[in-house]
K.L.:
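Can you keep this structure in mind? I'll have questions shortly.
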Amino acid sequence: MSTNLFSGARKALVASIAAAVLLGGVTVVTTPYAAASTVAAVSVSAKINAFTNTDWLNGVWRTGAGFSIPATSANRTAFVAGVSVRLADGQVRKVSRAQIVGSNMSIFLEGAKLDGNKVGAPQVVTIGSTAVTAPVTSPTTVAAHSTSINAFTNTDWLNGVWRKSPGFSIPASAANKAAFKVGASAKMANGQVRKVTQVQVVGANMSVYLEGAAVNGSVVGAPNKLSLATTSTTSPAPTAPTTSVIATSNLNNYTNTHWLNGMFRTAAGFSIQASSTNVAAFKAGALVKLADGQTRKVLRTQLVGSNMSVFLDGAVINGTTLGYPKTISVVSTSTSTPSSPALTTPPVEAAPAPAPTAPDTTNGKPLLVGVNLSGAGFGPSVVPGKHGTNYTYPAESYYKKYSDLGMPLVRLPFLWERIQPKLNSPLNAEEFARLKQSLDFAQKHNVKVILDLHNYYRYYGKLIGSNEVPISSFAAVWKQIVQQVVNHPAVEGYGLMNEPHSTNGLWPQAALAAAQAIRTVDSQRWIYVAGDRWSSAFHWPHYNTQLITNPWMRDPKNNLVYEAHMYVDKDFSGNYFDQTAQYDPMIGVNRVKPFVDWLKKNKLRGYIGEHGVPDFSPSAIVATDNLLSYLRQNCIPSTYWAAGPWWGEYSMSLDVKSGKYRPQLPVLQKHAKAAHSCTSVGPL
């Protein structure tokens, strides 16, 4: 509840393809192609190599359809592109490519990724009869089946096309169930052909998900039809990766504070036109070749109107030498057929989600002391505002600083209007790239981040739950955010809303909707549920009894943490207008105790998202010392307000322009390093 002195407003203010010494096995069965003839039949036995690491599970590739077997002469003869492989669970897949890696060979299949626990080592299976077919001169594509797309539109679907991923809803007729199976090729109204990766029957309808980027429901949705296409060819895929150019695109010719000749200034990324060819080619997992010959892997893409932003692994790219008028080429597009054994660092987005126990990096215990790194929430009266003028994001140095100081827990405020300038629209790509970069900085320095939607229960000044800002829109934006960051290892959890106030009693309903929306995407990380009345810890029991009326909000399996704020000045605001005030040593404890008692009574978890005292008040700093001791005894984490850039000489900031000594810091460090017996967030 403090004041943002900068703005003058209230505080409202992958996968590596290394040698696979991967047991289990596969059965190869023949599926001769059209116009092909059987040349020979062989019988061979193969075991999946038994090894597990970050990229492989029991010899099965974690992020694509592939496995590793010994490169015996029999295996080399049997496992060739075009044959069909029977896995241990009985499913049959077609081999798209085989690659020799030393004494082993990697076999890549069509379709969705495999489950190494089901089809990998140590299962032993045999390879049956394999027909080796003579090549045909050209592929043939036959439209085998077509169906109407369901004509409905809502927050998740546009004309029967899923808004966020490539997926369609069609009637679940017997014919459609038989035709649209994993591995089949689906043809859209614009001519694109994509592989089916997943099929899910939902009542009388079925959802069909495809590989690649999201598709435009305005272009290919109802009343258009979705067709099934079968492509036959016996032209063998190469047994070694190729670097032939699959697609080439011009970079967008624009330069501003964020872009230089179409290259993103602060991260490895570029902007190109979102043509159907580019959308199909530039997708996560593809390899792109820059003008200087270097090859990078695509981590993710984001459609922005008629353009698309493509983000790569590795360091920032020099827009002066590699930007417009240079071009960008795709040399491999298959996410299930990795191409380069040299890529040993998996992309951030592919990392597994951490368990929801707020572990630190040394002893598996929760982090109890952290800071708010402000900046992205500045200038709330100017929204969206201009990055670098009205607001900023913390530089990497701040993450390093607080990690080195022993406080690797950060609450990161950001504004809804900037991450989503138009209600119910896709997230703003440039703004999300800044948020993502902050998470990357945090990960580099082993910092955990609580993402804090710092909006006081409003969007462009309109109350959530009003006609202008429905609760469903609030839930939907959180779902979009989580879909983008769910696998980022730096994310500790999601702070639903900073300091709701004057909510007309709607906050409990909105909190439930947003939390449940998040749980459809992320079942693990903490969800931080703030309280009404500015989240005041002292006033909590009088304003937030309705927050847990729904049993879902009390279920410990849902990993909810209730967030309160506390300041010790007379009006609870954190403004500290009276610089002569003297504070009782236990005032901090007394002001959070109603909240802590409420948590204990209801067997819930808690967190103090903000507390802070001014540098000019020694008695307030003593009260902070006692507060942190009490919170540690109850295993309740806290993040101090505030730290980060642009604070000037703000009395509560740990980072001031002059760099002068901050008396609050030693107390925070003392408790950050203090021993405790907590195994999770408490007091539960």
K.L.:
Hey, could you give me the CG/OG distance between L287 and S329, rounded to the nearest 0.5 Å?
P.N.:
12.0 Å
K.L.:
Tell me whether the centres of the aromatic rings in W526 and Y607 are closer together than 6.0 Å.
P.N.:
no
K.L.:
Assess the side chains of N307 and N252: does a donor N or O sit below 3.5 Å from an acceptor N or O?
P.N.:
yes
K.L.:
Centroid-to-centroid, W162 to F168, below 6.0 Å?
P.N.:
no
K.L.:
Using side-chain contact (heavy atoms from CB on, under 4.5 Å), reason through V383 and R418 one step at a time and then give a plain yes or no.
P.N.:
CA-CA 7 Å; V383 287; R418 290 171 182 152; 4.3 Å; yes
K.L.:
Is a side-chain N or O of K297 found less than 3.5 angstrom from the main chain of V288, in a donor-acceptor match?
P.N.:
no
K.L.:
Students often mix this up, so state it plainly: with edges at 30° and 60°, are the rings of Y457 and W507 parallel, tilted or perpendicular?
P.N.:
perpendicular
K.L.:
Please work out which of the three classes, parallel, tilted or perpendicular, describes the rings of F311 and F264, given edges at 30° and 60°.
P.N.:
perpendicular
K.L.:
Between A281 and A286, what is the shortest heavy-atom contact and its length?
P.N.:
O-CB, 3.7 Å
K.L.:
My understanding is that only one of N372, V447, I450, L367 makes a side-chain contact (heavy atoms from CB on, under 4.5 Å) with V410; could you say which?
P.N.:
V447
K.L.:
Hey, could you give me the CG/CD1 distance between N205 and I149, rounded to the nearest 0.5 Å?
P.N.:
12.5 Å
K.L.:
What do the steps show when you test L496 against L453 for side-chain contact (heavy atoms from CB on, under 4.5 Å), and what is the final call?
P.N.:
CA-CA 6 Å; L496 295 182; L453 197 63; over 6 Å; no
K.L.:
In terms of side-chain geometry, is the basic nitrogen of K444 or D440 positioned less than 4.0 Å from the acidic oxygen of its partner?
P.N.:
no
K.L.:
How close do A513 and A475 get, heavy atom to heavy atom, and via which atoms?
P.N.:
O-CB, 3.6 Å
K.L.:
Tell me whether N256 at atom CG has more than 12 heavy atoms from other residues, nucleotides or ligands lying less than 6.0 Å away.
P.N.:
yes
K.L.:
Mind checking the CD1-OH spacing from I464 to Y456? Nearest 0.5 Å is all I need.
P.N.:
13.5 Å
K.L.:
With a 4.5 Å limit on heavy-atom distance, are the side chains of P637 and V681 in contact?
P.N.:
yes
K.L.:
Less than 4.5 Å apart, any side-chain heavy atom of I608 and any of H565?
P.N.:
no
K.L.:
Quick check: does any side chain N or O of Q443 sit under 3.5 Å from a backbone N or O of A490, one acting as donor and the other as acceptor?
P.N.:
no
K.L.:
Taking the inter-plane angle between the rings of W157 and F152 on a 0 to 90° scale, is it parallel (under 30°), tilted (30 to 60°) or perpendicular (over 60°)?
P.N.:
perpendicular
K.L.:
Looking at H387 versus Y391, is the centre-to-centre ring distance below 6.0 Å?
P.N.:
yes
K.L.:
Quick check: do V279 and M308 have side-chain heavy atoms less than 4.5 Å from each other?
P.N.:
yes
K.L.:
Establish, yes or no, whether the cationic atom of R434 lies under 6.0 Å from the six-membered ring centre of Y393 and within 45° of the ring axis.
P.N.:
no
K.L.:
Mind checking whether F180 and L226 have side chains closer than 4.5 Å, heavy atoms only?
P.N.:
yes
K.L.:
Using only atom types and a distance under 3.5 Å, with no angle test, would you say the side chain of S466 pairs donor to acceptor with the backbone of L463?
P.N.:
yes
K.L.:
Rounded to the nearest 0.5 Å, what's the gap from CG on L260 to CE on M263? Could you check?
P.N.:
9.0 Å
K.L.:
Can you see which heavy atom on Q524 is nearest to which on R519, and at what distance?
P.N.:
N-NH1, 3.9 Å
K.L.:
Judged by atom type as modelled, is there a donor-acceptor pair below 3.5 Å linking the side chain of N428 to the main-chain atoms of Q420?
P.N.:
no
K.L.:
Where do K289 and T295 land on the side-chain hydrogen bond (donor to acceptor under 3.5 Å, both in side chains) test, with the steps shown first?
P.N.:
CA-CA 4 Å; K289 191 173 184 179; T295 301; over 6 Å; no
K.L.:
Report yes if the side chains of V161 and V220 come closer than 4.5 Å at any heavy-atom pair, otherwise no.
P.N.:
yes
K.L.:
Atom OG of S381 and atom CG of N390: how far apart are they, to the nearest 0.5 Å?
P.N.:
8.0 Å
K.L.:
With distance as the sole test, does N224 use its side chain to make a donor-acceptor pair with the main-chain N or O of V219 at under 3.5 Å?
P.N.:
yes
K.L.:
If every non-hydrogen atom of A515 is compared with every non-hydrogen atom of I527, which pair is closest and at what distance?
P.N.:
O-CD1, 3.6 Å
K.L.:
Please identify which of these residues, K401, E396, K400, meets the side-chain hydrogen bond (donor to acceptor under 3.5 Å, both in side chains) condition with H445.
P.N.:
E396
K.L.:
Here's a test for you: under side-chain contact (heavy atoms from CB on, under 4.5 Å), which of T327, N278, T277 qualifies with T248?
P.N.:
T327
K.L.:
Under 3.5 Å, is there a donor-acceptor pair linking the side chains of Y399 and N446?
P.N.:
no
K.L.:
Is there a side-chain contact between M407 and T639 in this structure, where contact means two heavy atoms from C-beta onward sitting under 4.5 Å apart?
P.N.:
no
K.L.:
Any side-chain heavy-atom pair from V561 and V529 closer than 4.5 angstrom?
P.N.:
no
K.L.:
Tell me whether R411 contacts the main-chain N or O of L451 through its side chain, where contact means a donor paired with an acceptor under 3.5 Å.
P.N.:
no
K.L.:
Strictly by modelled atom types, are R300 and S309 linked by a side-chain donor-acceptor pair under 3.5 Å?
P.N.:
no
K.L.:
Can V310 and I272 be said to form a side-chain contact (heavy atoms from CB on, under 4.5 Å), step by step?
P.N.:
CA-CA 8 Å; V310 181; I272 57 177; 4.2 Å; yes
K.L.:
Applying side-chain hydrogen bond (donor to acceptor under 3.5 Å, both in side chains) to Q483 and D522, what does each step give before you reach the verdict?
P.N.:
CA-CA 8 Å; Q483 285 172 332; D522 187 338; over 6 Å; no
K.L.:
Is there side-chain contact between F270 and I328, with heavy atoms separated by less than 4.5 Å?
P.N.:
yes
K.L.:
Going by the angle between their ring planes, with limits at 30° and 60°, are Y254 and W259 parallel, tilted or perpendicular?
P.N.:
perpendicular
K.L.:
I need the full list of salt bridge (charged side-chain N to carboxylate O under 4.0 Å, His left out) pairs touching residues 460-482, with sequence neighbours left out, sorted by first then second residue.
P.N.:
D156-K479
K.L.:
Can you tell me if N558 uses its side chain to pair, donor with acceptor, with the backbone of L560 under 3.5 Å?
P.N.:
no
K.L.:
Taking all atoms of both residues into account, what is the closest heavy-atom pair of D532 and T503, and its distance?
P.N.:
OD2-OG1, 2.7 Å
K.L.:
To check you understand the geometry: which heavy-atom pair defines the closest contact between P500 and A530, and what is its length?
P.N.:
CD-CB, 3.8 Å
K.L.:
Taking atom types as modelled, is there a side-chain donor on Y528 or D452 under 3.5 Å from an acceptor on the other?
P.N.:
no
K.L.:
Would you say the side chains of N424 and S473 form a donor-acceptor pair under 3.5 Å?
P.N.:
yes
K.L.:
Evaluate the criterion side-chain contact (heavy atoms from CB on, under 4.5 Å) for residue pair S438 and Y398; output intermediate values, then yes/no.
P.N.:
CA-CA 10 Å; S438 284; Y398 291 99; over 6 Å; no
K.L.:
Is it true that a side-chain atom of N550 and a backbone atom of W552 form a donor plus acceptor pair closer than 3.5 Å?
P.N.:
yes
K.L.:
With no hydrogens and no angle check, is any side-chain donor or acceptor of N159 less than 3.5 Å from a backbone partner on G217?
P.N.:
yes
K.L.:
Mark yes or no for whether R62, through its side chain, and N53, through its backbone, hold a donor-acceptor pair below 3.5 Å.
P.N.:
yes
K.L.:
Please round to the nearest 0.5 Å and tell me the distance separating atom CG of D555 and atom CE of M553.
P.N.:
11.0 Å
